[in-house]
Peer 1: 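First the structure, which I've put down as structure tokens, then a few questions once you've had a look.
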Amino acid sequence: MTPDRRPGQAYAEVIGDPIAQSKSPVIHGFWIEKLGLDAEYRATRVTTDELEDYFADRQNDLSWRGCNVTMPHKQTIMPLLDRIEPLAKRVGAVNTVVKAGDGALVGRNTDVAGFLEPLLGQLRDTHYFRMARILGTGGAARAIVAGLAGESFTLVLAGRNTDKARALLDELDPGGEHHVAPLDHFATPTDFAFDDREGCCDLVINASPLGMRGQPPLAFDWSHAPPGSIAYDIVTDPVETEFLANARAAGFATIDGLAMLIGQAAAAFTHFFGVEPPRQFDAELRERLLA
């Protein structure tokens, strides 16, 4: 399973099954090219049965700097690692593995930082109240719940199974005053009269696969969003989802899934190669990803 590369060349990779759809090689390759690094980043398909052998092989490879981890391995790999950083342990998922100076395999989670990055401008402001409506209770929701709970948001977590939503909130932020709702609650219009949102921060987040290519769209009626809300969709294929298009048509600001994807990759890149990625080229990178 060792990549065909120039001997001694530093490399990192993304692993998963399937893996051909990953945009990570484009992102990291773009930054490596811009910085002129003598390094490589690629995608490697690794099945669940191959994980143990994969890490044993890579841990002994002096050129290997680490890997990003995508579905279905973000939780499966955790027992195979030597150390897991506190945030990844809290989220219960690892999306980045880095080989430490002592050779130990360290599990990190950069999804939280990646999700929060496009919101940093808002989060620097002081708010009287912060609320996020999060749609979906799968693996992506774990990082989002952990990240927003840490930024003093009151959360409404919506899913097909409200018991699962409650269990997730109780696990990740047991002291928080959060709420659950059935996903279809948001599919039909409401005449709820929102109070004054001056000084508030409101988010509506699609943390589900609904709206992805090959999936049905997410049914969300924008009468459920308070005035001034920001619509955030983590789906990356397509980048322009029906959820975002409808939000924009209703007058809401939007954030697409590439923002989170690039943000989490940037944190991982620094761990792998010891330098900050050249973020001044983000617009060009987005063009490449959309090509």
Side-chain angles (χ1 to χ4, degrees), residues 14 16 18-31 43 68-72 74 91 93 95-96 109-123 132-148 151 153 157-159 183 186 202-220 222 225 229-250 252-269 277 279 281-291:
V14 58
I19 199 60
Q21 81 290 350
S22 176
K23 294 179 170 63
S24 293
V26 175
I27 298 171
H28 290 267
F30 177 85
W31 289 331
N68 289 119
V69 183
T70 188
M71 293 178 62
K74 290 188 179 185
V91 173
N95 78 317
T96 302
N109 188 297
T110 67
D111 283 333
V112 174
F115 173 78
L116 292 176
E117 186 186 89
L119 297 169
L120 292 180
Q122 286 79 18
L123 298 179
R133 291 156 175 80
I134 304 170
L135 312 171
T137 57
R142 298 184 66 87
I144 293 169
V145 166
L148 292 178
E151 295 291 341
F153 275 80
L157 184 60
L183 191 61
F186 295 104
D202 289 288
L203 307 174
V204 182
I205 302 148
N206 179 24
S208 79
L210 293 173
M212 284 179 62
R213 200 175 305 279
Q215 293 278 345
L218 172 63
F220 183 86
W222 285 94
S229 293
I230 299 171
Y232 194 154
D233 197 336
I234 68 166
V235 168
T236 59
D237 183 22
V239 173
E240 177 65 3
T241 60
E242 184 176 309
F243 177 80
L244 291 180
N246 290 342
R248 203 173 297 114
F252 295 101
T254 61
I255 300 172
D256 65 38
L258 288 186
M260 177 178 177
L261 186 68
I262 293 171
Q264 66 82 21
F269 186 90
R279 300 299 301 277
F281 299 110
D282 274 10
E284 183 181 344
L285 173 56
R286 289 179 68 93
E287 287 179 8
R288 187 171 296 190
L289 288 166
L290 292 169

Peer 1: Nearest 0.5 Å please: distance from the CD atom of Glu240 over to the OG1 atom of Thr254.
Peer 2: 7.0 Å
Peer 1: Would you say the side chain of Arg286 lies within less than 4.5 Å of the side chain of Asp256, judging by non-hydrogen atoms?
Peer 2: yes
Peer 1: Might you point out which heavy atoms bring Ala259 and Glu117 nearest each other, and give the distance in Å?
Peer 2: O-OE1, 4.5 Å
Peer 1: Any chance you could lay out the side-chain hydrogen bond (donor to acceptor under 3.5 Å, both in side chains) test for Asp237 and Gln21, step after step, and finish with the verdict?
Peer 2: CA-CA 10 Å; Asp237 183 22; Gln21 81 290 350; over 6 Å; no
Peer 1: Before you tell me yes or no, could you show the steps for Leu157 and Thr137 under side chain to side chain contact (heavy atoms under 4.5 Å, CB included), namely the whole-Å CA-CA distance, both residues' side-chain angles and the distance that decides it to 0.1 Å?
Peer 2: CA-CA 7 Å; Leu157 184 60; Thr137 57; 3.9 Å; yes
Peer 1: Between Ile134, Leu148, Ile144, which is the residue that forms a side-chain contact (heavy atoms from CB on, under 4.5 Å) with Phe153?
Peer 2: Leu148
Peer 1: Passes side chain to side chain contact (heavy atoms under 4.5 Å, CB included), Ile262 versus Trp31? Steps please.
Peer 2: CA-CA 11 Å; Ile262 293 171; Trp31 289 331; 3.9 Å; yes
Peer 1: Got Leu116 and Glu151 here, is their nearest side-chain heavy-atom distance under 4.5 Å?
Peer 2: yes
Peer 1: Heavy-atom distance under 4.5 Å between the side chains of Val204 and Phe220, does that happen here?
Peer 2: yes
Peer 1: With rounding to the nearest 0.5 Å, note down the distance linking OG1 in Thr236 to CG in Leu289.
Peer 2: 9.0 Å
Peer 1: Do Trp222 and Phe186 have their ring centres less than 6.0 Å from each other?
Peer 2: no
Peer 1: For residues Arg213 and Pro238, determine if any side-chain heavy atom of one lies less than 4.5 Å from a side-chain heavy atom of the other.
Peer 2: yes
Peer 1: Report the C-alpha distance between Asn68 and Ser24 in whole Å, list the side-chain angles of each, state the deciding distance to 0.1 Å, and finish with yes or no for side-chain hydrogen bond (donor to acceptor under 3.5 Å, both in side chains).
Peer 2: CA-CA 8 Å; Asn68 289 119; Ser24 293; 4.8 Å; no
Peer 1: Side chains of Thr241 and Met212: does their closest heavy-atom pair fall under 4.5 Å?
Peer 2: no
Peer 1: Yes or no on side chain to side chain contact (heavy atoms under 4.5 Å, CB included) for Asn206 and Leu244, after CA distance, side-chain angles and deciding distance?
Peer 2: CA-CA 9 Å; Asn206 179 24; Leu244 291 180; over 6 Å; no
Peer 1: Just verifying a value: how many Å separate Asp233 CG and Leu218 CG, rounded to the nearest 0.5 Å?
Peer 2: 7.5 Å
Peer 1: Can you tell if the side chain of Asn95 reaches within under 4.5 Å of the side chain of Thr110, non-hydrogen atoms only?
Peer 2: yes
Peer 1: Which is it for Leu290 and Val239 under the side chain to side chain contact (heavy atoms under 4.5 Å, CB included) test, yes or no, and what are the steps along the way?
Peer 2: CA-CA 8 Å; Leu290 292 169; Val239 173; 3.6 Å; yes
Peer 1: Which value, rounded to the nearest 0.5 Å, describes the distance between Arg288 atom CZ and Phe30 atom CZ?
Peer 2: 5.5 Å
Peer 1: Atom NZ in Lys23, atom CG in Leu261: separation rounded to 0.5 Å?
Peer 2: 7.0 Å
Peer 1: Is any side-chain heavy atom of Thr96 closer than 4.5 Å to a side-chain heavy atom of Val69?
Peer 2: no
Peer 1: Looking at every non-hydrogen atom in both residues, tell me the closest pair between Ile19 and Thr70 and how far apart they are.
Peer 2: CD1-CG2, 3.5 Å
Peer 1: Tell me the closest heavy-atom pair linking Tyr232 and Phe243, and the distance in Å.
Peer 2: O-CE2, 3.8 Å
Peer 1: Kindly compute the distance separating CG (Leu203) from CG (Leu119), expressed to the nearest 0.5 Å.
Peer 2: 5.5 Å
Peer 1: Write down the atom of Leu183, the atom of Leu135, and the distance for their closest heavy-atom approach.
Peer 2: CD1-CB, 4.0 Å
Peer 1: Do you know the tightest heavy-atom contact between Gly136 and Ala141?
Peer 2: O-CB, 3.3 Å
Peer 1: Can you give me the closest heavy-atom contact between Val112 and Asn109, atom names plus distance?
Peer 2: N-OD1, 3.2 Å
Peer 1: In terms of side-chain geometry, is the basic nitrogen of Lys74 or Asp111 positioned less than 4.0 Å from the acidic oxygen of its partner?
Peer 2: yes
